[in-house]
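Beneath this line is the structure, given in structure tokens, with notes to follow.
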Amino acid sequence: MGTERNQAAAASATVSRRELRDLVQAQLRALLTENNLPGAKALLRPVTPPDIADAIGGLPDTMQVLAFRLLSKDEASEVYEFLDSNVQQILIEDFKRQEVLDIVDKMSPDDRARLFEELPATLVRRLVGQLSPAEREATALLLGYEAGTAGRIMTPKYISLKEEMPVDQALMRIRRLADVTETIYYLYVTDNTRQLTGIVSLRAIVTAQPEDQVSDLMKRDVVSVSTGEDQEEVARLIQRYDFLAVPVVDSESRLVGIVTVDDVIDILEEETTKDIYALGGVQSGDDDYFQTNLLQVAQRRVVWLLVLLVTNGVTGAIIRSQDDIITQVVSLTAFIPLLIGTGGNVGAQSSTVVIRGLNIDRIRSGPFMVIQREAIAGALLGLMLAVMVFAGTALFNYPLTVSISVSISLLAISILASVAGASLPFLFSSLGFDPALMSAPFITTAVDMLGVLTYFMVARFMLSYLGT
């Protein structure tokens, strides 16, 4: 076994993880197609649980169940936690009742709670009722908190110590609980009422003298979060302080669990995915977007498309209302796509920067300074574009009126788009909405309307002074 694992490690060092996963998946599929179950089992034996989960997740549904059954009971419990939620549900539906209970009972409480969020309520009640008393209590605790909060994503499996405990006793307790706790690198000090009073690192315990007390080693200034804290704020806290875990306390400052860094990585990925979808004008929902049926995909995407349809209709109405000036100078129409595209792109750039800054809490100077900065950037961009367009229109012998109108409009639209792209996310945030909802399609369509209107106003003004 040890030799095989060393060989697998050496192989993974020479190829990327993606290449290794694809290789294992292809070989596994071929072996299962040939019904070579011993060969498939031998293939998976030296592979790490996350890579096994990736390989199984890429197989057809029927092969997923077959491949998972090749794993030993302990391996299956570990691999199951790394599978996508939709694969977990498929396996639950195909397994016998006792097989499901054995796997679910061995899951970490936070991973189990996340799985139960995806399952039908009737199945969840049946599974919870069949768990061991300790795991049932831990699961009920997490499910009692609102989804998306620290209480829901925490694990109640941690090691707590007492202040008066000698180091040798603390080490004995750590050894006894190490196999059933989530992490041992942070040890939490509580009083007789379970209130959090301090924290001590494993390093401090290991390097101390046996007769030293925990109170001599612990730090009393503890950073913690409440059970109702939003999961994204918890992730930011761990990221900011480079924690491996953060303690979670209830309303009476009693320690009830910890959130570990591996959970935070999942949260950051989930929240970033939602923000990217929102920026693209796509409603993501809570499920895997690529596992959703096409009808639901269309329903989610059509919302912003309807907004685009209506606003583009307004833009068209503005253009039609300028028939007189278009008839007078037909070449004005040639630059409408240029102006619309520039305004949308500049606005999308500003909004993306501001929305990302808000989401990762990197904006420190206040809204006015950010908007002012983006307005100046828009002016510089507009000025550079205006100079280039003026030179280009002069080169192709466009009328002076058109050249000046397009150049001035480009400058105005760039400033307008930058200000709109920077200010609207702040407005949405102040109203309590996710700033990512102020997405690129929304700003693009708004700037389209204002940009076209600005263009024809400038052109009309220039024609009244310079003529055609």
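Note: hydrogens, waters and symmetry copies are ignored here, and every other heavy atom, side chains too, is used. Since this is a predicted model, take the numbers as computed values, not measurements. The first residue in the sequence is number 1, and the count goes up from there.
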Check: Gly58 main-chain N/O paired with Arg29 side-chain donor or acceptor under 3.5 Å = yes
Summary of salt bridge (Lys or Arg N to Asp or Glu O under 4.0 Å) pairs that have at least one residue in residues 253-267, sequence neighbours excluded = Arg114-Asp263, Asp250-Arg254, Glu252-Arg254
Exceeds 12 heavy-atom contacts within 6.0 angstrom, atom CD of Glu137 | no
Which atom of Ser430 lies closest to which atom of Leu427, heavy atoms considered = OG-O, 2.7 Å
Nearest heavy-atom pair of Val259 and Ala150: which atoms, and what distance?
-> CG2-O, 4.1 Å
Which pairs count as salt bridge (Lys or Arg N to Asp or Glu O under 4.0 Å) when at least one residue sits in residues 146-158, sequence neighbours excluded?
-> Glu117-Arg152, Glu135-Lys157
Should the ring pair Tyr188 and Tyr186 be called parallel, tilted or perpendicular, given that the plane angle runs from 0 to 90° and is split at 30 and 60?
-> perpendicular
Determine the minimum heavy-atom distance between Ser418 and Val346, stating which atoms define it.
-> OG-CG1, 3.2 Å
Leu59 backbone acceptor or donor facing Gln64 side chain under 3.5 Å = yes
Shortest non-hydrogen contact between Phe82 and Ala53, atoms and distance = CB-CB, 3.5 Å
Is the backbone of Leu332 close enough, under 3.5 Å, to the side chain of Tyr455 for a donor and an acceptor to pair up by distance?
-> yes
Heavy-atom nearest pair, Tyr158 first then Leu255, reads OH-O, 3.1 Å
Donor-acceptor pair, side chain of Ser429 and main chain of Phe426, under 3.5 angstrom | no
Take atom CG of Asp323 as the centre, draw a 6.0 Å sphere, and report whether it contains more than 12 heavy atoms from other residues, nucleotides or ligands.
-> yes
Residue Arg194 excluded, over 12 heavy atoms near CZ under 6.0 Å = yes
Would you be so kind as to tabulate the donor-acceptor pairs closer than 3.5 Å made by side chains of residues 380-399, with sequence neighbours excluded?
residue : atom : partner : partner atom : Å
Thr393  : OG1  : Val389  : O            : 3.0
Thr393  : OG1  : Phe390  : O            : 2.9
Thr393  : OG1  : Ser403  : OG           : 2.8

Enumerate the residue pairs fulfilling ring-ring contact (aromatic ring centres under 6.0 Å, His included) with a member in residues 337-385, sequence neighbours excluded, ordered by first and then second residue.
-> none
Could I get the full list of side-chain contact (heavy atoms from CB on, under 4.5 Å) partners for Ala377, not counting sequence neighbours?
-> none
Could you pull out all residues at least two apart from Leu141 that satisfy side-chain contact (heavy atoms from CB on, under 4.5 Å)?
-> Tyr145, Met154, Pro156
Without swapping roles, check the side chain of Thr197 against the backbone of Val189 for a donor-acceptor pair under 3.5 Å.
-> yes
Verify the neighbour count for atom CZ of Arg203: are there more than 12 heavy atoms of other residues, nucleotides or ligands below 6.0 Å?
-> no
Only one of Val214, Ile159, Thr181 passes side-chain contact (heavy atoms from CB on, under 4.5 Å) with Leu187; say which it is.
-> Ile159
Taking all non-hydrogen atoms of both residues into account, name the closest pair between Ser224 and Val246 and its distance.
-> CA-CG2, 4.1 Å
Assess whether atom CE of Met457 is packed by more than 12 heavy atoms of other residues, nucleotides or ligands within 6.0 Å.
-> no
Identified side-chain contact (heavy atoms from CB on, under 4.5 Å) counterpart of Ser409 within the set Leu416, Leu338, Val458, Thr342 | Val458
